[in-house]
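Worksheet for the structure shown next.
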Number of protein chains: 2
Amino acid sequence: MRGRGRGPWWQDRLQGTGARITAPRELIIDILHQTDDHMSAADVYIRAHELNPSIGLTTVYRTLDMLTQLGIVQKFDFGDGKARYELVNNPNGKKHHHHLICLRCKTIMDYSEFLDEELEFVKKTAGKLSKKYNFDIQDHAISFYGLCERCR
Amino acid sequence: MRGRGRGPWWQDRLQGTGARITAPRELIIDILHQTDDHMSAADVYIRAHELNPSIGLTTVYRTLDMLTQLGIVQKFDFGDGKARYELVNNPNGKKHHHHLICLRCKTIMDYSEFLDEELEFVKKTAGKLSKKYNFDIQDHAISFYGLCERCR
DNA sequence: TTGATAATGAAAATCATTTTCAATATAGCC
DNA sequence: GGCTATATTGAAAATGATTTTCATTATCAA
């Protein structure tokens with residue numbers, strides 16, 4: 001462990017902002033840690049509620065929001081009307097990846113292969129865009145849409 | 001003009017599916033044609049209503065949906081809770097482009113430069129993904145997130 | 001012109017997300 | 001370990017986008 005070394009890696013991040021370590025927050029981060037899914041707030045709530053029925057949906061939304069602000073979680077919109085959340089790249093988290101989205105069954109798959117080509121392309125393009133539009137580029141997302149194995 | 005040559009390019013596309021050409025549909029397509037904005041359904045409704053107050057919001061949603069199904073319009077989700085619509089690449093429409101999204105003011109900018117590098121990268125990556133995941137890739141989206149000129 | 005039926009608009013219903021607010025829990029301090 | 005200021009919580013209500021329902025209207029092939 002790093003930082004103040006008092007608890008899991010993310011606790012230092014929270015405390016650094018004056019935020020408190022609470023049971024709901026621990027639970028929600030745990031849940032995100034234990035899945036590879038692209039969970040909606042409702043998904044997280046259902047799982048959280050199984051483990052601790054006193055947790056409210058409001059808290060789930062608030063926590064996911066806070067974690068997103070802190071950069072611990074990334075929020076995605078795949079076009080089905082609900083936001084999805086994933087732990088961001090970090091010592092214990094998932095690595096950089098993008099998505100394959102099935103237009104028919106709406107399944108979302110991660111892929112993290114071929115990132116070398118991507119890096120090259122992104123670096124080149126981001127640099128040019130940044131210069132041309134005076135835009136401070138901090139992140140990017142690449143999604144491929146089509147039909148998955150079962151739907152094609 | 002092409003096809004049955006009776007009216008604007010898109011009318012053939014509609015009629016091909018048995019759909020009827022109606023005043024609201026003409027108006028909504030016109031509105032999308034006349035803007036470079038990334039309009040939400042409400043935006044389209046407001047403009048449509050100015051031009052023809054008898055049009056209802058429901059019809060706007062239904063029409064945008066239908067046009068999306070037909071591939072005449074593309075629907076985007078930039079994460080601010082409302083979907084946005086754009087005419088797709090076509091003889092009279094905009095050309096292939098991607099987006100720069102400001103994390104602070106939520107402004108969305110199009111860019112269509114540097115597509116040669118993109119094409120190369122996308123073709124290579126889509127090919128590999130398609131093979132590896134047995135996924136029939138039909139489209140892709142690339143977005144860069146950061147701070148725009150005014151917000152940085 | 002007409003008739004079958006696709007399309008429309010208003011209102012109600014749904015669904016995700018946010019706000020409000022009184023009750024509760026945390027962390028720094030003694 | 002107890003105490004207190006205040007961050008956090010959960011329930012319920014509010015909001016905002018989108019969808020559904022249904023009776024009325026408009027399109028277009030015959």
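Below, chain A is the first sequence line, B the second, and so on; all start at residue 1.
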> Nearest nucleotide by nearest heavy atom, which residue falls closer to the 5' end of DNA chain D, A/M66 or B/A83?
Replying inline: A/M66
> Is A/A19 touching bases, backbone alone, or none of the nucleic acid, heavy atoms closer than 4.0 Å?
Replying inline: sugar-phosphate
> Once you round it to whole Å, what is the distance between P of C/dT8 and CD1 of B/I21?
Replying inline: 11 Å
> Can you check the A/E26 CD to D/dT9 C1' distance for me, whole Å?
Replying inline: 15 Å
>> So, using side chain to side chain contact (heavy atoms under 4.5 Å, CB included) as the criterion, who are the partners of B/T58 when residues are at least two apart?
In response: B/R62
> Reckon B/T22 has a side-chain N or O less than 4.0 Å from the OP1 or OP2 of C/dA6?
Replying inline: no
Donor-acceptor pairs are to be reported for all side-chain atoms of residues 132-147 of chain A against protein atoms at under 3.5 Å, with residues two or more places apart or in another chain.
{"unit_1": "A/K132", "atom_1": "NZ", "unit_2": "B/E113", "atom_2": "OE2", "d": "3.1"}
{"unit_1": "A/Y133", "atom_1": "OH", "unit_2": "B/E113", "atom_2": "OE1", "d": "2.9"}
{"unit_1": "A/Y133", "atom_1": "OH", "unit_2": "B/E113", "atom_2": "OE2", "d": "2.8"}
{"unit_1": "A/N134", "atom_1": "OD1", "unit_2": "B/R152", "atom_2": "NH1", "d": "2.8"}
{"unit_1": "A/N134", "atom_1": "ND2", "unit_2": "B/E149", "atom_2": "OE2", "d": "3.3"}
{"unit_1": "A/D139", "atom_1": "OD2", "unit_2": "A/Q74", "atom_2": "NE2", "d": "3.1"}
{"unit_1": "A/H140", "atom_1": "NE2", "unit_2": "A/H98", "atom_2": "NE2", "d": "3.4"}
{"unit_1": "A/H140", "atom_1": "NE2", "unit_2": "A/E118", "atom_2": "OE2", "d": "2.7"}

> Taking the side chain of A/R20 as heavy atoms from C-beta outward, which of C/dT26, C/dT5, C/dT8 is closest to it?
Replying inline: C/dT26
>> So, using side chain to side chain contact (heavy atoms under 4.5 Å, CB included) as the criterion, who are the partners of B/H97 when residues are at least two apart?
In response: B/E86, B/K94, B/H99, B/D110, B/S112
>> Please report the distance, rounded to the nearest Å, between CZ in B/F76 and P in D/dA17.
In response: 20 Å
Pairwise N/O distances under 3.5 Å, protein to nucleotides 10-14 of chain D:
{"unit_1": "D/dG10", "atom_1": "OP1", "unit_2": "A/S54", "atom_2": "O", "d": "2.8"}
{"unit_1": "D/dG10", "atom_1": "OP2", "unit_2": "A/G56", "atom_2": "N", "d": "3.3"}
{"unit_1": "D/dG10", "atom_1": "OP2", "unit_2": "A/T59", "atom_2": "OG1", "d": "2.1"}
{"unit_1": "D/dG10", "atom_1": "O5'", "unit_2": "A/S54", "atom_2": "O", "d": "3.4"}
{"unit_1": "D/dG10", "atom_1": "N7", "unit_2": "A/R62", "atom_2": "NH2", "d": "2.5"}
{"unit_1": "D/dG10", "atom_1": "O6", "unit_2": "A/R62", "atom_2": "NH1", "d": "3.2"}
{"unit_1": "D/dG10", "atom_1": "O6", "unit_2": "A/R62", "atom_2": "NH2", "d": "3.3"}
{"unit_1": "D/dA12", "atom_1": "N6", "unit_2": "A/T58", "atom_2": "OG1", "d": "3.3"}

> To the nearest angstrom, how far is B/L14 atom CG from C/dT8 atom P?
Replying inline: 10 Å
> How many angstroms lie between CD1 in A/I72 and CH2 in A/W10, if you round to the nearest 0.5 Å?
Replying inline: 8.0 Å
>> Which residues pass the side chain to side chain contact (heavy atoms under 4.5 Å, CB included) test with B/D43, not counting sequence neighbours?
In response: B/M39, B/S40, B/R84
> Of the nucleotides D/dC28, D/dT18, C/dT8, which has the atom closest to the B/R25 side chain?
Replying inline: C/dT8
> Within this structure, what is the NZ-to-C1' distance between A/K82 and D/dG16, rounded to whole angstrom?
Replying inline: 17 Å
>> Whole angstroms only, please: what is the CG-C1' distance between B/D43 and D/dG16?
In response: 14 Å
> Within this structure, what is the CG-to-C1' distance between A/D65 and D/dT9, rounded to whole angstrom?
Replying inline: 16 Å
>> B/K75: which residues meet the salt bridge (charged side-chain N to carboxylate O under 4.0 Å, His left out) condition with it, sequence neighbours left out?
In response: none
> Taking the side chain of A/Y61 as heavy atoms from C-beta outward, which of C/dA7, D/dC28, C/dT17 is closest to it?
Replying inline: C/dT17
> Over how many whole Å does the gap from A/I29 atom CD1 to D/dT8 atom C1' extend?
Replying inline: 15 Å
Can you list, pair by pair, the side-chain donor-acceptor contacts under 3.5 Å of residues 17-32 of chain A, counting residues two or more places apart and other chains?
{"unit_1": "A/T17", "atom_1": "OG1", "unit_2": "A/L14", "atom_2": "O", "d": "2.8"}
{"unit_1": "A/T17", "atom_1": "OG1", "unit_2": "A/A19", "atom_2": "N", "d": "3.4"}
{"unit_1": "A/T22", "atom_1": "OG1", "unit_2": "A/R25", "atom_2": "N", "d": "3.4"}
{"unit_1": "A/R25", "atom_1": "NH1", "unit_2": "A/R20", "atom_2": "O", "d": "2.9"}

> Which residues pass the side-chain hydrogen bond (donor to acceptor under 3.5 Å, both in side chains) test with B/K128, sequence neighbours left out?
Replying inline: A/E117
> Any link between A/V122 and B/L103 through a network of hydrophobic side chains (Ile, Leu, Val, Met, Phe, Trp, Tyr) touching at under 4.5 Å?
Replying inline: no
>> So if I take the C1' atoms of five pairs at each end of the helix from C/dT1-D/dA30 to C/dC30-D/dG1 and get each local axis, what angle do the two axes make, rounded to 10 degrees?
In response: 40°
